[in-house]
Structure formats: structure tokens, C-alpha cells
*Asks:* 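One structure, pasted below without further comment.
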Number of protein chains: 4
Amino acid sequence: MMQPVTAPRSLKEKQRQEREELILQAAEEVLTEKGYYDTSVDEIASRVGIAKGTVYLHFPSKEDLVIAILERNAQKLVDIVEATVASGSTNREKLESILLVVYSGFFDPRISHLMQLPYFVVNSSELRRVFVEKKGCMRDKWDRMEALIASILEDGKAAGEFDKTLPTPIMSSAFFSLLSPRSFERLNANEQIPLDEFVKQLGRFYFKGIAAV
Amino acid sequence: MMQPVTAPRSLKEKQRQEREELILQAAEEVLTEKGYYDTSVDEIASRVGIAKGTVYLHFPSKEDLVIAILERNAQKLVDIVEATVASGSTNREKLESILLVVYSGFFDPRISHLMQLPYFVVNSSELRRVFVEKKGCMRDKWDRMEALIASILEDGKAAGEFDKTLPTPIMSSAFFSLLSPRSFERLNANEQIPLDEFVKQLGRFYFKGIAAV
Amino acid sequence: MMQPVTAPRSLKEKQRQEREELILQAAEEVLTEKGYYDTSVDEIASRVGIAKGTVYLHFPSKEDLVIAILERNAQKLVDIVEATVASGSTNREKLESILLVVYSGFFDPRISHLMQLPYFVVNSSELRRVFVEKKGCMRDKWDRMEALIASILEDGKAAGEFDKTLPTPIMSSAFFSLLSPRSFERLNANEQIPLDEFVKQLGRFYFKGIAAV
Amino acid sequence: MMQPVTAPRSLKEKQRQEREELILQAAEEVLTEKGYYDTSVDEIASRVGIAKGTVYLHFPSKEDLVIAILERNAQKLVDIVEATVASGSTNREKLESILLVVYSGFFDPRISHLMQLPYFVVNSSELRRVFVEKKGCMRDKWDRMEALIASILEDGKAAGEFDKTLPTPIMSSAFFSLLSPRSFERLNANEQIPLDEFVKQLGRFYFKGIAAV
DNA sequence: GATGAATGAGAATTCATTCAT
DNA sequence: TATGAATGAATTCTCATTCAT
């Protein structure tokens, strides 16, 4: 009662947070390596060095754990994209830097997961159902990113940089499609193109495609 | 009397083919709904209205069944794309018609699966291993499609239609990225854009992006 | 009615018998190679070159098929032993020749099965139950052989050749124990002893053991 | 306080050992009753009163469980035989006491399994493969027993007790053949001979058979 | 809180047996 | 009569989840 509201509590709480973070990291790791079904709670726990049961003190189910990861990643992505956008001056620069950051992230494990993981995970009736139910969380963030891109595009149109006759949704949709690092992965497997060259040319193509006439 | 010699044989064989077709269809259905791991052989069988064991008379394992579906789909896709390309006259028309046929197929269940299924299925360490081993089959077909697109793009460059300074791999990679009907699905969920309008604008954007200067 | 009792009937019947014989042979072959559970009706049928269902026209179940084989083998063994005994003149010669014929048979596939098969097959609750029930058939033959051996031993005792103070059941039991070619198999794997030398020495040992004092 | 340091550890460990022992016992029981193939992991578990999955916490597979039983039994048998041999003074006494202990064990379930189980189990192509691979374990112990018997026989020969002209392998092979309690089982079913009388007479026969001339 | 042993539903696969053709 | 496709019970093994310690 007289206790400081956050002191002893928050010590425990901090430890708790740290452990949860470790679980999330380990889970993300295994998940990316093996996909949803080949990831066992056992392996996650043993990578963290804790017991299986402890995982369940933090997340009510394997499913919830995975959802938590995806949500967190979605948030991270939004943050990165928003920060990136803020750093660009022109509308084109803003979009270019998003392109660059996402593709660079392909080799930066802290970022590459953000785009890759959903592909690895989404394929399960269980999880898909959740995505629909959790619209409030996951979907929200995705929508926010789309809105951000759309606003940049609209700004560009208003400024006469981008083609007014091309519907913004098409522009935005194309932009997202080009963002998937899978294209580059496949490309890179066959012909060795340096990443920055790839991104540069992709940008050239994209901005020519949406350029005002 | 006038019957082909293979009559009695082919009767049995025809029934066998029909049943196999039913299994493949049911499996494809469940697979698309639920993904590889949540699809049980039991459910496939019961959708066809046969016993579990019967499935194993046609396919030695669940894995083989899925592989068969993917291979068949890859072949169908190649066939469709090749036929589509043949029907176009200019290089642009050829690519435009591929775009159209793939997106139209989105609502034609016989075609929509072709592009969607691999995404749902590929995410399992088991199956991914198979894809590497089966390179001779699956990968071959995919490579063939890429080669086809690339050759159209090269022709276009030679003819002065497309931008010679843009590397063909980038053009081709971008083209494939835009092909994924997922973009449209997401788009369509939010804003109601008619499919043909979507494809038309996407084509406009793409060809402006790769147009010769 | 007026038909010859055995003519058209017996043609069919003969073919039937022949086929049954083929089935029995194939089954015995596979059974010896793989044991009861690893032998599938499918494989038996395909070795004969007939359909699985046809096997069931001859034998109501896999179990019955195996029982039939064992019974037939028991009969063959009895026949061989009885013929062998008849050919010997002294009691010792009679037993010696049984020893020899059984061990020689170890390399004669037509005989080796007779002693080996029961060991391969008997280990299944199903079959053991049957052995008890079918006492009338299998057991009978075995008993008959034991009686035959016992009578030779009794004769030998009466003739003053064998030890009267050694109970016949012990003599007979020991004789049967020594008959199992498995001992020789194991022995032969380690140290290379020629079969006839083995049998000779085994006989020497046995007859010294039961010799009259 | 006075407790050994290993207390808490060893409590868990002890329980684990106890449960494992129960599983081994139940498995041995069912195995002896039904043979390898008719023994299901389910039944073993339900005899112990635990869930199927729990069996797999102790043994990675049904096969491993059975191997564990056989190895343990082989070890027990070796131990018993070695102890028995040590207690005898003359070479004859040593062999006699082995005979006695194995046959007595026929009614002592803790011992009878040792000789019976291999016969019930070995007949499965699966397991036979394992026996070859695991030569280092199972076979080793069997070889050790054979070596022990052989050395007793050799000693007896050197001491002038046993027949020098009879090859040791034949003597040893005959001894092992006579050891199989199956002979007695059959005998006992027909004529009621007391066990110790049986063993006494069998010994008389055997030692007369190998006696020096 | 943390643990990890125990659970048991569920999945893939096999194969003796049946029966329509 | 012969066939072999179809059946489905049974088996092994896995793993998310629970709960007594």
C-alpha cells in the first residue's frame, strides 16, 4: 500500500520483460528457420534456456506467441518506415529511401525478418483466422503504412511530380509489390546483381512508371 | 466394334484417372484453404467421399500428392502463359495479356490456384527440401516462364520499344512481382476497383516504367 | 449323376490343386525370408502371378494359409522321418540317420524349411492360439514323431543298447533339442566345421550319453 | 541433513527409474505373451497405467524399448551364469549348476523371461537387422557366455574329466541346445516329470556323453 | 514463479479382407 | 472364376498444453 508503485514490482516486471524479449527473439529465430509447424515450443524454450512451461507463463499459446511476434514486427516496420520517410525531403526521396531500407534490411537480420516472416508463417488455417480476428492490431498497422505511402503519392501528385491520371491505389499497390525482397532473392540466385544497383534500377523503373507526363 | 482397341483397359483406366482427378481437386481445395500442415489426408479423402486408404492407392504419400498438384499447376501455368503469349502480336500486347490472364484467373478457381497455392504450401521445411530436389521438375517450369518473359523484354528492347538501359532482370523481376494477385486482393478488400481497370492501370504504369526514352 | 466322378471335375480340381500348391510354395518362401508379419498377402499373390483376391479363394485368411503350410510341413517331416527310420537297421542307425537327414536338409531348401519355418512363424499371439486349437492336426503329427523316437529308444533299451536307467522322455527330449539346426548355424558362423563332421560328433556324443553301462 | 547430497536430484531420478522399470516390466510381459508385432505401445502404456506419450519419454521408439529389454536380459543372464559358475567347484558342478539355474528359472518369472524372450522376439526382420547392428551389445554378451562355457569345457578336458576327442564347439553347442526350457515345457505338458528330476537326468546324460573314456 | 513429466488428441501410413465387375 | 480397387481398423509417433512439485 505504502510501497512505491513501481519499485519492487517493476524490478520483477523488468526481469519479466527481459525474459519475454528473449522468448520473442528465440521464437522469431526458429520461426524464420523452420516455419510455423516445424517450430516447437520445446525448441524455443531450450534456445532461451528456460523450461517449456515458462513460455506459457508469458504467452497463453503457441499461436499467441507467434501473433505477438508478427504484431511487434509490424510495429517495428511501421516505425522504420515512418522514420525513413521523415528523413527524406522530396516525395521521391521518401519512397526511394523506403525501398532502400527494406532491401538493405534483407541482409540485416534485425530488419529482414520483418518482411520475410509473414510469408513463412501466414500459411495455416489457424493463423489466418487470427489475422482476421485481430484486424484491430495487425491490419491496423499495415493500413497505416499504406496510408502513409498513399499520402506521399498524393502529395507527389499535387506537386506535379507524379502522374495524376494513375489511381493512387494502383501506385501504392505496385510499390508494395516491388518491396518484397523475394524478387531480389530469386534474382540474386541466378545472376549476381549488387543490391544497391538492384534498388537503384528498381527505383528508376518505378518512378518513371509513375512520373507525371 | 468400332471402339478403340484399348477399350476395356481404358475404361478402368479412365475411372482411375477420374478418381485421381477428384483427389487432386479436393486436395488442392483443402490445401488452399488450410495450408500444408492443416490439411489431413483424412479430410481430403472425406471430401472426395472415399476412404483414406484409397488416396494412398494413387499417391504414395501426402507429400507426393502435394508435389503432384504443384507440378501440375506449374505446367498449367506455363501452358496458359505460353498460349497467351502466342496470341499477342506486339511485345507489349504479349505481356499485357499475361497480366490480364493471371489476374482474371484470380476469380476463375481453375486459374487462381496456380499462383496462390505455391505461397500457401512452400512454407514448410519438408516441402522446401523437395523443391530443391525436384528442381528438374518444378524449378524447370518456373525458369522457363522467366526465360519467356525475358525474351519478350529483350525483343522489345531490340525493337526500340523498351528501355535498353534498364537491365532485363530488373524488368522481369518487377513484372513477376506485379503478377501476384495478392496485391489486388488486398486492394480490392478496401477500395472497390474493377479488375479490368486495375489491370489496365497496372499495365500503363509498367509499360511507362520500362518504355524506351 | 452319370458323369464320371472325377473327370471334368477333376480337371478343374487339378488346376485348382496346382494353383494352391503354387500359393503354398510362394507363401513358404516369403514367410521364411520375412517372418509372419512382414509377409503380405499381396507379395505372396504377386510371386505366384495371381491377384490378391485369388489367394482368398483358396484360403479363408492369411492365418489359415500359414497354418496349412505348417501342417503340410509337419506331415512332410513325419514322412521323411518315418522313411528314414525304416531304412536304418539298428536302433542307433535309425536315430543317426534322422540326425543326418535333418541337418543335411538344412542346406536342402525342400527340407530346411520344415525345421526352420515354425521358429519364424510361431511368434504371434494369433498363431499360438491356433496351435492350441488345431491340436488335432499339428500337434498330432508332432506327437507321432515323438512316439516314433520314443519307440526306437525303448527298443534300444530292451535290446540292451541304451541306458535303461535314463528315462525315455529325457532321451527323447534331448534328441529333439539337438535336432535344431540353429545350433549348427551359430557354430558354423564362428568356426568352420563341415556339416558331416558336426553330425558325426554330435551322434558320438549323444549315443555315448545314452549308452547302456 | 544426513542425507546424501544427491537427494533432490535423485528423488526425481529415482521416480524416473522406477517408472522406467515399470515400463520395461510391462513391455516384457506383453512381449512374452504376444510377440513383437502384436505388442502395441498403447497396451504397454495402459498396463503401466500411463499415457502412450509417456513411454516415448523413456524410449525413443518401440524398437528401442524392446532392444533395451533384450540387452538388460542378456546382461542378467550373463550375471546369473557367471555367479553360478563361480559358486561351483568342479567343472562338472559348474555346468550342472548352470543347467539347474536356467531350468529353475523357468518357473521364476524373473529368470524365465531371460531365455524365452529372445525366441519370441527375434523373428521379425526389423529386429534381426538391429541385432546385427548392435552386435557390440547383445551379441557380445552371448559370445561371452559361450566363451565361459567353452573355457569350463577346456579346463575339464585338460583335467582329464571330459573327452579330449570331442571338439569343444560340439560340446558347447550341445550344452546350449539342452538349455532351452522349451524341451521341458513340452515334456512337462505330456508327462509330469518333476523339474529337478528332469535336470538331474539331463545332467547325467550330458556328462556321460562328454565324459573322458 | 519455474519446471518438465505427463497427457492424449491427432496425423500419416499399412494391409488383411471384401466385393462389384 | 479371377480380379484388384476400396475399405477402415490399427499402429507408431509427435507435440501443444497442463499441473503437481
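Naming convention: chains lettered A, B, ... in sequence-line order (proteins, then strands); numbering from 1 in each chain. Only heavy atoms go into these numbers, but all of them, side chains included; no hydrogens, no water, no symmetry mates.
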*Asks:* Does some side-chain heavy atom of C:Leu65 sit less than 4.5 Å from a side-chain heavy atom of C:Val41?
*Replies:*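 They are not in side-chain contact.
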*Asks:* Round to a whole Å and report the spacing from CD1 of A:Ile23 to C1' of E:dA2.
*Replies:*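 My rounded result for the distance is 11 Å.
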*Asks:* Using atom CG of A:Asp64 as one end and atom P of F:dT18 as the other, report the distance to the nearest whole Å.
*Replies:* 11 Å
*Asks:* Run the salt bridge (charged side-chain N to carboxylate O under 4.0 Å, His left out) test against B:Arg47 and tell me which residues pass, sequence neighbours left out.
*Replies:*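 Once residues adjacent in sequence are excluded, the partners of B:Arg47 under the salt bridge (charged side-chain N to carboxylate O under 4.0 Å, His left out) criterion are B:Glu29, B:Glu33, B:Glu43.
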*Asks:* Let me know the distance between CG of C:Leu65 and P of E:dA16, rounded to the nearest Å.
*Replies:*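 Answer to the nearest Å: 11 Å.
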*Asks:* Quick one: the dot-bracket string of DNA chain E, using Watson-Crick and G-U wobble pairs with both distances under 3.5 Å, [ ] for crossing pairs and | for bases paired to another strand.
*Replies:* .||||||||||||||||||||
*Asks:* In whole Å, what is the span from the NE2 atom of A:His58 to the P atom of F:dT17?
*Replies:*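 Between P of F:dT17 and NE2 of A:His58: 16 Å.
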*Asks:* Nearest whole Å is fine: how far is F:dA6 C1' from B:Leu22 CG?
*Replies:* 15 Å
*Asks:* Starting from P on F:dA16, measure out to CZ on A:Phe59 and report it in whole angstrom.
*Replies:* 15 Å
*Asks:* Treating primed atoms plus P, OP1 and OP2 as sugar-phosphate and everything else as base, which nucleotides of nucleotides 7-14 of chain E get B, S or - for protein heavy atoms under 4.0 Å?
*Replies:* BBBB-SBB
*Asks:* Using whole Å, report how far CD1 of A:Ile44 lies from P of E:dG4.
*Replies:* 17 Å
*Asks:* Check the distance between E:dT21's C1' and B:Arg16's CZ and give it to me in whole angstrom.
*Replies:*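 For the pair B:Arg16 CZ and E:dT21 C1', the rounded distance is 17 Å.
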*Asks:* Check whether any side-chain heavy atom of A:Val66 lies under 4.5 Å from a side-chain heavy atom of A:Phe59, and answer yes or no.
*Replies:*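 A:Val66 vs A:Phe59: side chains apart.
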*Asks:* Counting C-beta onward and ignoring hydrogens, is there a side-chain heavy-atom pair between D:Arg19 and D:Ile23 closer than 4.5 Å?
*Replies:* yes
*Asks:* What residues, two or more places apart in sequence or in another chain, satisfy salt bridge (charged side-chain N to carboxylate O under 4.0 Å, His left out) together with B:Lys52?
*Replies:* B:Asp42
*Asks:* Please enumerate all residues that pass side-chain hydrogen bond (donor to acceptor under 3.5 Å, both in side chains) together with D:Glu21, with sequence neighbours excluded.
*Replies:*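 So D:Glu21 forms a side-chain hydrogen bond (donor to acceptor under 3.5 Å, both in side chains) with D:Gln25, D:Arg72.
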*Asks:* Roughly how far, to the nearest 0.5 Å, is NE2 of B:His58 from CG of B:Leu24?
*Replies:*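 Here the interatomic distance stands at 9.5 Å.
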*Asks:* With sequence neighbours left out, write down each residue that passes side-chain hydrogen bond (donor to acceptor under 3.5 Å, both in side chains) with B:Ser61, or none if nothing qualifies.
*Replies:* B:Asp64
